[in-house]
Amino acid sequence: MSLSRKRKKELRKLQDQATTLWESQQVLLGQAGNVAREAGRQLGNYKREQVVPTVQHTYEKYAAPYVDQSVQTSKKVYNDKIVPAVGAVIGSALSVWDAANEKRENLAAGRAFGSLDLASLQKKAEKYGKQASKHLAVSTAPARKGIGAGGVIAILLGVAAAAGVLYASWQTLRADDELWVADDPLRAPDA
C-alpha cells in the first residue's frame with residue numbers, strides 16, 4: 001500500500017518539525033547543563049560566604065559556651081574528686097605492698113614478728129597517693145582559638161555531601177549523547 005503525495009508531504013513536514021524540535025531540545029539541554037554548572041559554582045560561593053560563617057557564629061554563640069563549661073566541669077570533677085580518691089587507693093595499696101615486703105624481709109632475716117611502724121606506712125601511703133594523683137590528673141591547658149579536629153571533619157563531610165549533590169545533579173541534567181545511538185546526532189529518529 002502506497003501513500004498519496006499529500007500524505008508523504010505531510011509526513012515530511014512532520015519529520016522536519018520533529019527534527020527541529022530535536023535540535024532545539026539538544027540546544028536546550030546544553031544550556032541547562034551550563035546553568036547547572038553555574039548554579040553549582042554559585043552554591044559553593046554562597047556556602048563559603050554565607051552558610052559557613054553563620055554556622056560557625058551560631059556554634060560559637062550558643063553551643064561553644066556550654067561545651068567549654070561542660071569540659072571545664074568534667075575536668076574539675078575528675079581532678080578534684082576522682083583523682084584524689086584513686087590516688088589514695090593506689091597509695092594505700094602500695095603502702096600495704098611495702099608493709100608486706102618489709103614483713104617478708106624481716107621474716108627472712110630471722111627477726112620474726114616485730115611491730116609495724118604505722119606512721120611510716122601512713123607517710124608512704126600519702127607519698128604514693130600524691131604521685132599517683134599527679135600522674136592521673138588532667139592538665140587544664142588554656143583554651144585554643146580556632147577550628148579543631150571536629151570542625152575539620154564536619155567541614156570535610158559537608159564538602160563531600162555538597163560534591164555528591166552536585167555530581168548527582170550534573171548526572172541528572174547532562175546531555176546523554178553517548179547513550180543515544182543515532183545516525184545523525186541532531187536529526188530526529190525516523191518515524
Side-chain angles (χ1 to χ4, degrees), residues 1-83 135-191:
M1 181 167 150
S2 69
L3 296 174
S4 67
R5 286 181 161 175
K6 184 177 179 182
R7 294 285 177 234
K8 286 183 182 181
K9 185 178 179 183
E10 287 175 352
L11 285 175
R12 263 189 257 116
K13 186 177 180 183
L14 182 61
Q15 189 171 10
D16 289 342
Q17 288 176 349
T19 303
T20 305
L21 176 64
W22 180 256
E23 291 170 355
S24 65
Q25 284 180 345
Q26 293 296 319
V27 170
L28 179 67
L29 286 175
Q31 290 173 347
N34 292 336
V35 168
R37 277 189 290 281
E38 181 63 24
R41 193 177 70 75
Q42 292 297 329
L43 182 64
N45 291 339
Y46 181 76
K47 178 193 71 151
R48 185 174 44 258
E49 295 168 359
Q50 300 292 326
V51 175
V52 169
T54 302
V55 168
Q56 192 171 21
H57 172 71
T58 304
Y59 171 78
E60 290 171 0
K61 184 177 179 184
Y62 295 110
Y66 295 109
V67 170
D68 292 340
Q69 182 181 7
S70 65
V71 167
Q72 293 299 324
T73 303
S74 64
K75 283 182 182 179
K76 184 177 179 182
V77 167
Y78 182 77
N79 286 335
D80 293 347
K81 305 289 183 202
I82 296 173
V83 169
H135 289 296
L136 292 173
V138 173
S139 64
T140 54
R144 292 183 294 131
K145 289 280 184 175
I147 193 167
V152 170
I153 292 171
I155 289 172
L156 290 176
L157 289 176
V159 167
V165 168
L166 291 175
Y167 180 74
S169 60
W170 176 73
Q171 286 291 335
T172 302
L173 297 175
R174 71 184 173 105
D176 288 333
D177 291 337
E178 68 272 4
L179 298 177
W180 193 263
V181 178
D183 295 336
D184 184 10
L186 295 180
R187 188 170 164 249
D190 291 333

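Keep in mind it's a predicted model, so treat the numbers as computed, not measured.
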**OP:** Any chance you could measure K75, atom NZ, to Y78, atom OH, to the nearest 0.5 Å?
**Re:** 12.0 Å

Original post:
Do other residues, nucleotides or ligands put more than 12 heavy atoms under 6.0 Å from K47 NZ?
Top reply: yes

**OP:** To the nearest 0.5 angstrom, please state how far the CG atom of D16 sits from the CG atom of L21.
**Re:** 12.5 Å

Original post:
When rounded to the nearest 0.5 angstrom, what is the spacing between CZ in R12 and CZ in R5?
Top reply: 10.0 Å

Subject >> From CA spacing to verdict: side-chain contact (heavy atoms from CB on, under 4.5 Å), T73, S70 >> reply: CA-CA 5 Å; T73 303; S70 65; 5.6 Å; no

Subject >> Interatomic spacing from CD in E49 to CD in Q42 - rounded to 0.5 Å >> reply: 8.5 Å

Subject >> From OG1 (T54) to NE2 (H57), nearest 0.5 Å >> reply: 8.0 Å

Subject >> Salt-bridge criterion met for R7 and E10 (N-O under 4.0 Å) >> reply: yes

Original post:
Under a 4.5 Å cut-off applied to non-hydrogen side-chain atoms, are Q25 and W22 in contact?
Top reply: yes

**OP:** Give me the one residue out of T19, L14, T20 that meets side-chain contact (heavy atoms from CB on, under 4.5 Å) with Q17.
**Re:** L14

